[in-house]
Amino acid sequence: AAMQLELANIRAQIASLEARYTEIERDQDRVRKNMDTVAQNAESYSMWERKLVEQEKEVDTIKTKLEQLRGEESQRRIALEEYISNLSMD
């Protein structure tokens, strides 16, 4: 049961990060559309540009964490499958 709980926790973390990633993508689309409507020397353009840079940093962090969690999920899933397989042999 503990192994299943750990696996479920990892999957929940993955789902949460994927949702955040999707949210950022949608926001970036909105920001880019807004940037198209103003001059590049406008204050709002600079503000949106900074926002995109910050979001890209967050996206990089999310991608790194997702890669790590997916690897961990795979290892935990294999361990659980082996555990269950060994139980059924007994």
Side-chain angles (χ1 to χ4, degrees):
M3 293 174 88
Q4 290 174 320
L5 188 59
E6 289 173 358
L7 189 56
N9 183 35
I10 290 169
R11 288 178 175 160
Q13 289 178 56
I14 289 171
S16 176
L17 287 171
E18 287 173 340
R20 177 63 183 142
Y21 181 82
T22 300
E23 180 183 327
I24 291 171
E25 281 185 320
R26 278 195 301 266
D27 192 49
Q28 285 185 335
D29 286 342
R30 179 190 61 80
V31 168
R32 285 186 181 100
K33 286 176 186 171
N34 287 342
M35 290 173 79
D36 287 341
T37 65
V38 298
Q40 288 187 2
N41 61 353
E43 186 179 329
S44 54
Y45 189 94
S46 296
M47 177 192 67
W48 289 323
E49 198 171 42
R50 285 189 302 273
K51 182 173 185 164
L52 287 175
V53 168
E54 288 304 312
Q55 286 178 330
E56 282 303 311
K57 289 177 186 177
E58 186 177 355
V59 163
D60 289 343
T61 301
I62 288 171
K63 285 181 176 180
T64 300
K65 186 68 176 171
L66 279 172
E67 187 177 315
Q68 173 193 351
L69 285 169
R70 287 182 178 133
E72 197 175 323
E73 177 199 24
S74 179
Q75 291 173 348
R76 299 286 173 105
R77 182 181 38 77
I78 291 168
L80 180 60
E81 289 169 355
E82 288 175 355
Y83 177 76
I84 291 170
S85 176
N86 288 336
L87 285 178
S88 61
M89 288 183 183
D90 292 341

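For K33, the side-chain contact (heavy atoms from CB on, under 4.5 Å) criterion is met by no residue, not counting sequence neighbours. R77 is linked by a salt bridge (charged side-chain N to carboxylate O under 4.0 Å, His left out) to E81, counting only residues two or more places apart in sequence or in another chain. In this view, S44 and V38, A42, W48 satisfy the side-chain contact (heavy atoms from CB on, under 4.5 Å) rule, not counting sequence neighbours. Here E54 pairs with K57 under the side-chain contact (heavy atoms from CB on, under 4.5 Å) rule; sequence neighbours left out. By the side-chain contact (heavy atoms from CB on, under 4.5 Å) test, M47 pairs with R50, sequence neighbours left out. In this view, K51 and D27 satisfy the salt bridge (charged side-chain N to carboxylate O under 4.0 Å, His left out) rule, not counting sequence neighbours. Listed by chain and number, the residues in a salt bridge (charged side-chain N to carboxylate O under 4.0 Å, His left out) with E25 amount to none (sequence neighbours excluded). Here Q28 pairs with E56 under the side chain to side chain donor-acceptor pair (under 3.5 Å) rule; sequence neighbours left out. Residues satisfying the salt bridge (charged side-chain N to carboxylate O under 4.0 Å, His left out) test with E58, not counting sequence neighbours, are R20.
Although no hydrogens or angles enter the test, the distance criterion places no donor-acceptor pair under 3.5 Å between the side chain of S74 and the main chain of G71.
Pairs engaging residues 4-16 under the side chain to side chain donor-acceptor pair (under 3.5 Å) rule: E6-R76, R11-E73 [sequence neighbours left out]. The salt bridge (Lys or Arg N to Asp or Glu O under 4.0 Å) analysis of residues 34-48, with sequence neighbours excluded, yields no pairs.
Think of L5 as one node in a network of Ile, Leu, Val, Met, Phe, Trp and Tyr side chains linked at under 4.5 Å; it has no links at all.
Note: I14 CD1 to I10 CD1 = 7.0 Å, rounded to the nearest 0.5 Å.
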